[in-house]
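For ligands, and for the atoms within them, numbers begin at 1 and follow the listed sequence.
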Amino acid sequence: MQQRVYLDNAATTPMLPEVLEAMLPYMQDKFGNPSSIYSYGREAKMAIENARKFVAKSFNAKPGEIFFTGSGTESTNMALYGAVINLGVKHIISSKIEHHATLHTIEYLQKQYNLQVSYVPINKQGHLQLDALNELLVNTKVPTLVTLMYANNEIGNLLDIAKVGKMCKQYNAYFHTDAVQAVGHYTIDVQALGIDMMSSTGHKFHGPKGTGVLYLNENIKINPLIWGGAQERNMRAGTENVYGIVGYAKALEIALNNLEKDTAYIRNLKSYCIEQLNKNIELISYTGDVNNGLYTILNAAFANTAAASMLIYNLDIAGICVSGGSACSSGANNISHVIYELRGTEDVIPIRISFSKLSTEQDIDKALEVIIKTVNKNK
Ligand SMILES: Cc1ncc(COP(=O)(O)O)c(C=O)c1O
């Protein structure tokens with residue numbers, strides 16, 4: 001059987017065997033409901049609280065500030081709804097290159113609650129113009145939420161979080177960050193960075209899918225999105241995903257314990273990939289700040305020729321998984337909103353290659369072989 005090559009780690013990552021091993025007891029013998037007061041329940045409850053303590057410590061937060069949710073998307077919804085409905089936010093400042101979890105939630109809230117929404121302009125490299133953000137904050141006259149992502153999932157650009165956190169404090173705005181692509185890839189200190197609310201998800205750092213976390217500063221009081229039982233200290237009703245929570249914490253622990261080594265390894269893979277692409281393809285460009293961005297993501301673009309338009313198809317036939325530049329969730333063939341913001345309707349074929357510590361140079365060579373052959377065909 002053809003061996004598949006997986007280079008789409010910004011979409012999701014394979015779960016590590018050690019993570020599964022940590023989860024399995026809670027799918028089998030330790031299956032109790034954490035709300036039950038007898039021993040089965042207590043051991044499940046203990047597993048959740050130990051996971052919470054570990055996650056809190058990793059973010060330099062308090063256990064009471066960590067809420068387990070069902071996804072990064074849910075965490076962001078909870079933060080944004082809470083800001084508007086409970087904190088009285090009337091103005092949201094964001095950017096056009098956020099994930100749809102943020103953009104579509106803002107659009108809905110704007111319609112329902114008649115909010116003012118501002119988007120921080122971006123430059124050609126995809127960096128937010130922080131002077132413009134400052135200007136927006138100086139002029140805002142109503143309670144304001146800034147929601148900006150830590151690392152962009154398509155182009156890998158990183159935000160100067162500390163600077164934004166400081167600006168938000170200065171002007172009394174709430175600050176939420178979608179850190180889905182950053183947690184597990186960087187150490188994050190929510191206090192030092194001035195973050196009020198932060199979304200993350202386990203499946204982007206070799207944990208299980210369906211496991212989100214919302215960090216919520218203890219001074220921020222919002223209501224739950226999901227009502228019912230008293231789980232998550234009344235903030236998210238429904239019997240907890242015990243093994244998912246255990247898996248999220250285990251994956252984070254492994255990621256943070258090996259961060260320096262894994263980061264260096266993945267950085268090298270990315271540099272190698274860039275070097276080979278530049279050497280072998282004449283008309284190539286990159287979207288975003290390729291040299292200073294997230295080390296796991298590379299977004300390349302090729303001239304739109306008949307041959308190059310077959311790229312994703314050819315890679316798929318060869319068993320190589322990378323992402324195209326189309327709207328990611330629908331699979332539709334229209335250009336993604338992020339690429340559009342940076343390149344407009346420029347006629348290029350974009351691909352996103354994204355690496356993990358399980359990627360190898362051989363994986364990249366196999367992908368490069370197809371890319372180079374396809375793009376250079378009939379040249
Ligand atoms: C930046 C970013 N935000 C949010 C999400 C959504 O996370 P989840 O799949 O856990 O809902 C993703 C996942 O693709 C992402 O990359």
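Within the model, atoms CD of Q231 and CZ of R233 stand 12.0 Å from one another, a figure rounded to the nearest 0.5 Å.
For the pair R52 and E232, the salt-bridge criterion is met [side-chain N within less than 4.0 Å of a carboxylate O].
Other residues, nucleotides and ligands contribute more than 12 heavy atoms inside 6.0 Å of the NZ atom of K169.
Residues passing the ring pair (Phe, Tyr, Trp, His ring centres under 6.0 Å) test with F59, sequence neighbours excluded: none.
In this structure, N152 and Q181 have side chains that are not in contact, with every pair of non-hydrogen atoms separated by 4.5 Å or more.
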Under a 3.5 Å threshold, I'd like every N/O contact between ligand 1 and protein atoms, with atom names and distance.
from	atom 1	to	atom 2	distance (Å)
ligand 1	3 (N)	D178	OD1	3.3
ligand 1	3 (N)	D178	OD2	2.6
ligand 1	9 (O)	H203	NE2	3.1
ligand 1	10 (O)	G72	N	2.8
ligand 1	10 (O)	T201	OG1	2.7
ligand 1	11 (O)	T73	N	3.1
ligand 1	11 (O)	T73	OG1	2.5
ligand 1	14 (O)	H99	NE2	3.4
ligand 1	14 (O)	K204	NZ	2.6
ligand 1	16 (O)	Q181	NE2	2.8

For this session: Under the salt bridge (Lys or Arg N to Asp or Glu O under 4.0 Å) rule, what do E49 and K45 come out as? Steps first, then yes or no, please.
Result: CA-CA 6 Å; E49 294 317 315; K45 179 87 179 154; 3.8 Å; yes

